[in-house]
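Just so it is clear, the model here is predicted, and its values are computed rather than measured.
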Amino acid sequence: MVVLGVLLVVVVVVIAVSIIIGGQDPVSFTLLGISFDSTAGYLYILGLLSVVVAVLGLLLVLRGMKRQRHLRKENKTLKKEVRQAHEPERTASPASTDDHFDSTPREHP
């Protein structure tokens with residue numbers, strides 16, 4: 001897998017260098033009603049930069065989602081620990097009828 005990854009990176013670098021160096025032909029394109037005149041190499045670099053920015057944005061979103069998932073898991077664990085820590089206090093003191101709602105069914109006369 002590592003060899004395949006390195007091979008792909010080398011191929012991409014060779015293609016990028018050949019496009020940037022050899023892409024001096026003029027290119028004209030329109031974006032949002034505005035016409036741009038440029039070279040193929042410059043256009044390739046702009047495309048490359050836009051992909052880098054998109055990947056960075058995706059990485060930030062994934063990192064944020066991972067952090068939120070970790071915080072939710074930690075919050076759930078802390079709530080469970082607090083509940084277990086207070087459990088002996090509830091069983092040790094007698095419950096009064098004023099403190100809670102009695103939900104046991106009663107028979108009507």
Inset, instruction - Applying side-chain hydrogen bond (donor to acceptor under 3.5 Å, both in side chains), name anything that partners Asp37, two or more places apart in sequence or on another chain. - result: Ser28
Inset, instruction - Report the hydrophobic cluster partners of Val13, with the cluster defined as I, L, V, M, F, W, Y residues connected by side-chain heavy atoms closer than 4.5 angstrom, directly or transitively. - result: Val9, Val17, Ile21
Inset, instruction - List for me each residue that meets side-chain contact (heavy atoms from CB on, under 4.5 Å) alongside Lys79, sequence neighbours excluded, and say none if there are none. - result: Asn75, Arg83
Inset, instruction - Return the set of residues passing ring-ring contact (aromatic ring centres under 6.0 Å, His included) with Tyr42 (not counting sequence neighbours), or none when no residue passes. - result: none
Inset, instruction - Find out if a path of hydrophobic residues (ILVMFWY) with successive side-chain heavy-atom gaps under 4.5 Å connects Val12 to Ile45. - result: no
Inset, instruction - State plainly whether one hydrophobic cluster holds both Val2 and Leu8, where clusters connect Ile, Leu, Val, Met, Phe, Trp and Tyr through side-chain heavy atoms under 4.5 angstrom apart. - result: no
Inset, instruction - Answer yes or no: is there a side-chain heavy-atom contact under 4.5 Å between Glu81 and Leu78? - result: yes
Residues 46-74 side chain polar contacts: donor-acceptor under 3.5 Å, at least two apart:
unit_1: Ser50; atom_1: OG; unit_2: Leu46; atom_2: O; d: 3.4
unit_1: Ser50; atom_1: OG; unit_2: Gly47; atom_2: O; d: 2.7

